[in-house]
Amino acid sequence: QVQLVESGGGLVQAGGSLRLSCAASGRTFSVYAMGWFRQAPGKEREFVAAINWSGGSTLYADSVKGRFTISRDSAKMTVYLQMNSLKPEDTAVYYCAARMWAIATMTDKLYDYWGQGTQVTVSS
């Protein structure tokens with residue numbers, strides 16, 4: 001079993017920054033691919049970013065490329081999402097997900113474990 005706990009969400013003005021963290025339990029964290037997804041009110045959950053087991057390969061949604069950066073610290077069993085130049089359309093609940101496979105993917109159905117989510121609100 002893997003448990004994921006997100007933190008770092010909050011209210012920020014447009015153009016500001018936030019860093020989300022996702023702390024994982026489970027001794028095999030180092031071999032999991034990790035992802036971030038988000039869901040805005042009235043919308044379907046969408047892919048944001050993902051990172052493979054080693055941190056050497058990342059994927060980003062077009063809407064966040066150049067603004068968001070995903071990274072991981074396997075020693076701390078934590079994955080991060082640095083969000084810069086935030087826009088009101090980034091407002092959503094952000095979820096961390098773990099995949100019991102080394103390769104990152106944009107497909108939410110391929111992730112095996114999910115956190116409870118953290119709210120990010122960007123005011124205009």
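- The disulfide bond (SG atoms under 2.5 Å apart) analysis of residues 55-91, with sequence neighbours excluded, yields no pairs.
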Determine, step by step, whether L20 and Q82 satisfy the side-chain contact (heavy atoms from CB on, under 4.5 Å) criterion, reporting the C-alpha distance in whole Å, the side-chain angles of both residues, the deciding distance to 0.1 Å, and the verdict.
CA-CA 6 Å; L20 305 184; Q82 177 66 45; over 6 Å; no
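- Side-chain heavy-atom separations under 4.5 angstrom define the hydrophobic clusters, and the remaining members of the one that includes L59 are F37, F47, V93, Y95, M106, Y111, W114.
- Screening residues 47-65 for salt bridge (Lys or Arg N to Asp or Glu O under 4.0 Å) gives D62-K65 as the qualifying pairs, with residues at least two apart or on separate chains.
- The minimum heavy-atom distance linking A50 with T105 is given by the pair CB-O, 3.8 Å.
- Applying the ring pair (Phe, Tyr, Trp, His ring centres under 6.0 Å) rule to pairs touching residues 59-88 yields nothing, sequence neighbours excluded.
- In this structure, OG1 on T78 lies 9.0 Å from CE on M34, to the nearest 0.5 angstrom.
- With a 4.5 Å cut-off on side-chain heavy atoms, R67 and K87 count as touching.
- In this structure, L11 stands alone, with no Ile, Leu, Val, Met, Phe, Trp or Tyr side-chain heavy atom under 4.5 Å from its own, directly or through other members.
- At a threshold of 4.5 Å between non-hydrogen side-chain atoms, the residues W36 and C22 count as touching.
- The hydrophobic clustering, which links ILVMFWY residues whose side-chain heavy atoms are closer than 4.5 Å, places V5 and Y32 apart.
- Residue pairs meeting the side-chain hydrogen bond (donor to acceptor under 3.5 Å, both in side chains) criterion with at least one member in residues 7-17, sequence neighbours excluded, are S17-N84.
- Around the CD atom of Q119, the shell of radius 6.0 Å holds more than 12 heavy atoms that belong to other residues, nucleotides or ligands.
- Under the side-chain contact (heavy atoms from CB on, under 4.5 Å) criterion, V12 pairs with L18, L86, V122, not counting sequence neighbours.
- S124 is linked by a side-chain contact (heavy atoms from CB on, under 4.5 Å) to P88, counting only residues two or more places apart in sequence or in another chain.
- The shortest heavy-atom contact between A33 and I103 is CB-O, 3.4 Å.
- Taking CD1 of I51 as the reference point, atom OG of S71 lies at 6.0 Å (rounded to 0.5 Å).
- For R38, the salt bridge (Lys or Arg N to Asp or Glu O under 4.0 Å) partners at least two apart in sequence or on another chain are E46, D90.
- Between atom CZ of residue R72 and atom OG of residue S54 there is a gap of 8.0 Å, rounded to the nearest 0.5 Å.
- Partners of A40 under the side-chain contact (heavy atoms from CB on, under 4.5 Å) rule, at least two apart in sequence or in another chain, are K43, A92.
- A donor-acceptor distance shorter than 3.5 angstrom exists from the side chain of N52 to the backbone of S57, with no hydrogens or angles considered.
- Residue Q39 places its CD atom among more than 12 non-hydrogen atoms of other residues, nucleotides or ligands, all under 6.0 Å distant.
- The minimum heavy-atom distance linking Y94 with E6 is given by the pair O-OE2, 4.0 Å.
- Shown here are the salt bridge (Lys or Arg N to Asp or Glu O under 4.0 Å) partners of R19, two or more places apart in sequence or in another chain: there are none.
- Counting heavy atoms from C-beta outward, V120 and T91 have side chains that stay 4.5 Å or more apart.
- Taking hydrophobic clusters as Ile, Leu, Val, Met, Phe, Trp and Tyr residues chained together by side-chain heavy-atom distances below 4.5 Å, W101 does not share a cluster with V79.
- Residue pairs satisfying the salt bridge (Lys or Arg N to Asp or Glu O under 4.0 Å) criterion with at least one member in residues 102-124, sequence neighbours excluded, are listed as follows: R45-D108.
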